[in-house]
Structure formats: structure tokens, C-alpha cells
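What follows is a set of notes on a single structure, which appears directly below.
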Amino acid sequence: MMIADWLEMAKADAEGRGLPELIPMLDSLAQATERLRAADWNDDASKETPFDSAGESAGVAQGRPRQ
Amino acid sequence: MTIAEAAPRLSRGALKSEKLTEECLSRIEELNPKLNAFITVTADLALAAARKADQDIAGGRYLGPLHGIPVSLKDLLDQKGLPTTAASLVRKDHIASADADVTASLRAAGAVFVGKTNLHEFAFGTTTEDSAFGLARNPVDATRSPGGSSGGSAIAIATGMSLGTVGTDTGGSIRIPAAACGIVGLKPEWGQVSVAGVVPLSRQLDHVGPLAASVTDAWIQYNSMLPRDRHAAASLEAAPLQGLRLGMLTGYLFDRLDADVERVTLATIESLRKMGVTVSEVAIPHATDMPAIYLHLVFGDAAEYHARTLVSRPGDYTANVRLRLEMARYVLAEDYVRALRGKAIIAAEVDRALDGVDALVLPSLSIPAPPIGASTMPVKGGPEAVRTLMLRCTQPFNLSGHPAISLPSGTTPAGLPIGLQLVGHKGRTPALVQAALAVERAIANAG
């Protein structure tokens with residue numbers, strides 16, 4: 001889900017549940033999520049095949065050379 | 001009195017645990033109404049345990065340096081027969097059916113439990129202001145927060161209400177209150193000390209460890225928290241300062257500091273350099289991503305644990321903690337998984353920063369203890385949210401899982417404590433504590 005759509009739905013949900021105080025907090029969470037998704041270590045499925053397994057993500061960050 | 005001072009006297013009968021325990025209970029009676037460090041005080045149980053310890057020691061059954069020592073537990077850890085409130089009305093009817101692993105280990109080492117300490121509700125905060133049992137106050141300046149979430153534990157040590165205490169640390173909750181109250185706090189390596197019987201905040205990031213009056217006292221408690229077959233040497237030798245190699249984390253982790261924290265930290269590092277410590281500059285390349293990684297992990301985990309009671313008993317949470325938990329429920333699975341990958345990347349980058357050095361050095365807390373109720377604090381670069389500032393220097397090592405220790409390094413002109421943080425290699429917590437002991441002595445000599 002795109003962040004803008006998620007944020008709109010989350011705010012409507014919070015309003016509907018009688019928690020309007022959540023709305024500015026959700027804006028902060030959305031900013032953090034944008035930051036997370038923009039990080040340069042995120043995968044791009046059109047680019048190089050990942051070299052790490054699910055339990056071995058650190059291998060990527062260690063810059064381990066491809067065999 | 002410290003554990004290290006009391007233990008030899010207890011062992012030879014020159015000091016009685018009953019007297020020591022009575023002194024701690026008197027301190028609690030005197031100071032707790034003002035500082036609110038304890039949620040539950042177990043005076044009768046403690047005195048009975050102290051008398052038993054005295055009898056056992058007199059009978060030649062001395063168990064080691066925690067035998068007969070008054071110890072408190074953050075009220076997030078189970079102690080059999082007592083409530084574990086987590087500072088929340090959500091758990092007001094809870095009674096622990098068994099000791100947490102750590103409680104059992106300390107009990108087996110002869111610790112005398114004097115009570116359960118106050119905390120930020122469910123450990124979900126850094127100030128110990130949101131507690132169903134009322135906010136806790138800093139013993140140095142009662143208008144300020146003691147830090148959190150293990151705020152009550154830090155107060156207990158700083159005021160002599162107990163000689164030892166156990167805290168938990170998910171984003172800094174041992175090291176932050178230790179720095180704010182002027183004591184020592186050790187977050188062991190992730191997974192080293194059992195979290196069984198401890199109310200979780202984030203199972204990915206939770207750590208259990210000691211707060212103490214000195215590095216040696218932290219070591220004594222830490223050692224007793226480990227499974228028996230993993231105990232290290234009982235005595236602690238300081239690492240030689242000459243040749244000690246520290247990596248100073250520049251950039252993000254020094255960017256948003258209070259002016260006094262920056263001045264004292266840089267002066268301490270310079271002083272260590274003059275004493276023969278080698279200091280090199282190192283960095284964590286993705287440091288700026290850490291708050292977002294941390295937020296998504298702790299929110300995802302907390303939302304999972306609290307999902308049922310947020311629906312069934314929302315009014316039993318304090319308002320602020322409830323709102324943060326409600327916000328946590330909006331984290332998407334995709335972003336939680338992304339944060340797990342980020343966590344692994346940060347761990348590898350901390351490993352790389354440690355290449356060629358014995359420990360990393362940085363402040364424990366970007367700011368001195370904040371005034372109660374403050375939402376922002378002034379730091380280099382402009383005001384920033386208190387919660388963000390308090391987590392900034394500690395959360396990296398919850399993500400990475402490396403052992404880290406906070407020790408007092410000085411004060412502001414107003415007398416508020418400032419903490420220095422050392423971060424060690426995985427698998428080498430004893431070496432980290434040895435380095436911390438050397439730095440503690442160097443700071444004392446320089447002062």
C-alpha cells in the first residue's frame with residue numbers, strides 16, 4: 001500500500017474509533033515509514049539478485065563479495 | 001555503601017544482612033513518598049530473607065558476593081507470589097506463579113529482594129512519567145525525570161534504597177536512567193541474559209541487565225544473572241588504559257547534543273587520550289535510518305503483545321501509552337520486515353565500527369535529565385522531542401545487540417549527571433566491563 005493511501009485510511013479509522021488525538025501521531029509515523037522505504041538498502045527487484053538469505057541479511061551489509 | 005564494599009564484610013560476619021536491609025528499608029520509607037521509586041515494598045519478606053542469609057553465612061554456607069545484599073527488581077520481572085504490574089492497571093490482578101529466570105538466578109546467589117520498582121508503563125517510554133502508580137522523580141533534582149523506563153531502579157541505586165537492581169533495556173531503558181541519575185547501567189549482549197518471566201516490549205530488542213553504583217557492582221550482578229555454567233571470573237580486573245583503543249562515533253550520534261553533554265563528553269575523551277588511550281573516529285553509515293528502523297520494530301512487537309487488552313481494557317492504560325500502542329497497530333507487515341533487514345544492516349555496521357578497537361565511545365544520553373512534562377529540549381541544531389533525544393544514543397545497540405554500558409562522566413553546572421557510553425564486541429562483555437572499570441577509575445582520578 002502506498003503511504004499516502006495508508007495514511008488517509010489510518011486517519012479515517014482513528015477518527016471513526018473516537019481517537020482524534022492519533023491523527024498528528026500518524027503523520028509522524030508516516031514520515032518514519034517514508035524514511036524507511038527510502039533507505040538505500042531496500043531491494044529493487046529489477047536489479048541484482050540478493051545475495052543474502054532471510055536469516056543472513058547482515059551478509060549484504062558486510063559487503064561480502066559474490067563468489 | 002556498594003555491593004563490593006558490603007560483600008566482604010557480610011562474608012566474614014562483620015556486617016549483618018538484616019542491618020543492611022533495615023537501612024535500605026529506612027531509606028525507602030524516608031524517600032519513596034517524594035521520589036516514588038517503588039510500586040511494591042516487601043519489607044517483611046526482605047527481613048526474613050536477610051535473617052536467613054545471616055544464619056547461612058554464619059553457618060559457613062556463603063554463596064558469593066550477592067549473598068545478603070538488598071536488591072530491587074523493576075516491576076516488569078516476575079517474583080513468585082507478587083504482582084508484576086508493569087506500572088499498569090491492565091495487570092493489577094496479576095500474581096506471578098514463578099520467578100523470572102533472572103529473579104531465580106539472583107535468589108540462588110543469595111540476593112535479598114526488597115521490592116518492585118516503578119517504571120514507564122509497560123516500559124514504553126523514557127521518562128517514567130506515565131505510570132499507573134504515579135510519576136517518579138529524579139533524586140538529584142525532583143523537578144526532573146529520572147529517565148526511563150527503569151526510572152525507579154535508577155533512583156533506588158542513586159539513593160541507597162537498594163544496593164543492586166535489575167532493569168530492562170529495549171531502546172536504552174537501563175542506560176538512559178543510569179545516565180540521568182548518575183549511576184552505572186549495563187545492557188548485556190542481546191540474548192545473554194534470559195528474558196523468561198519478563199513482560200515484553202519488543203522480543204526483538206528486549207534486554208535484561210543491572211543498574212549499579214559502580215562498574216564492579218554491575219559486574220557482580222551481571223555475573224549472577226547468567227546461567228551458572230556461564231559465570232565468568234568473580235573478580236574484575238581493569239583493562240590497562242595504556243593501549244586501550246576506543247572508536248569515537250562521530251556524525252549522527254554527536255550531532256544533536258546538549259552543550260554540556262557535548263563539552264563533558266569531549267573533555268572526558270580528551271582526558272582519556274592524555275592517559276594513553278588511543279582514540280580513532282568511526283561511523284555507522286546508516287545511522288540516520290536507525291530511528292525509523294527502531295520505531296517499526298518496537299511498534300510491531302508491542303502492538304502484537306497488547307492487541308487483546310487494547311480492545312478489552314483500553315481505559316486501564318495511561319493515556320499517552322495507550323495512544324502510542326494504538327498508533328503502533330497501524331504498522332504494515334511490509335515495513336516491519338523492512339525494519340528487520342535494517343536491523344541486520346545496523347548490526348553489521350556496528351561490527352565494522354568495532355574493527356580494530358576495543359570499544360566504541362559516545363554519550364549515553366544526548367541531554368541531561370529533562371524537566372518533568374517537557375516535550376522538547378534545546379540541543380545543537382534547535383529544539384527536538386524529548387523522547388527522540390533520549391533514545392538517540394542508545395537505540396543503535398538495541399538494534400545491533402552489542403553489549404553497552406553507561407557510566408557517570410561528569411555533571412552540568414547545575415549538578416545534573418552526564419553519562420558516557422562504551423559499546424563492546426559481541427561475545428566479549430567481560431572485556432567491555434574491564435574497559436569500563438579502567439575508564440571509571442580514570443574519570444575518578446581526573447576529577
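Letters go in sequence order (proteins before strands), and every chain restarts at 1. All values below come from the heavy atoms of this structure, side chains included, with hydrogens, waters and symmetry mates left out. Since we're looking at a predicted model, the values are computed, not measured.
- Taking non-hydrogen atoms and a 4.5 Å limit, the residue list of residues 29-36 of chain A in contact with chain B, ordered by number, reads A/L29, A/A32, A/T33, A/R35, A/L36.
- The stretch residues 4-14 of chain A places A/W6, A/A10, A/D13, A/A14 near chain B, each with some heavy atom under 4.5 Å from a heavy atom of that chain.
- Residue with the most contacts toward chain A among B/T288, B/V331, B/L295, B/I293: B/T288 (heavy-atom pairs, distance under 4.5 Å).
- The distance from the CD atom of A/E21 to the CG atom of B/N320 is 10.0 Å, given to the nearest 0.5 Å.
- Of the two parts of B/R324, the backbone and the side chain both hold a non-hydrogen atom closer than 4.5 Å to a non-hydrogen atom of chain A.
- Both the backbone and the side chain of B/A339 come within less than 4.5 Å of a heavy atom in chain A.
- Side-chain contact between A/M1 and B/E334: absent, with no pair of heavy atoms (C-beta onward) separated by less than 4.5 Å.
- The salt bridge (Lys or Arg N to Asp or Glu O under 4.0 Å) test applied to B/D358 returns B/R245, not counting sequence neighbours.
- Annotation: maximal heavy-atom pairing with chain A below 4.5 Å, among B/M327, B/R338, B/K343, occurs at B/R338.
- Among residues at least two apart or in separate chains, side-chain hydrogen bond (donor to acceptor under 3.5 Å, both in side chains) pairs with a member in residues 381-392 of chain B are B/R256-B/E384.
- Note: A/R17 CZ to B/E326 CD = 4.0 Å, rounded to the nearest 0.5 Å.
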Full working for side chain to side chain contact (heavy atoms under 4.5 Å, CB included) between B/H286 and A/D40 = CA-CA 9 Å; B/H286 286 97; A/D40 62 7; 2.5 Å; yes
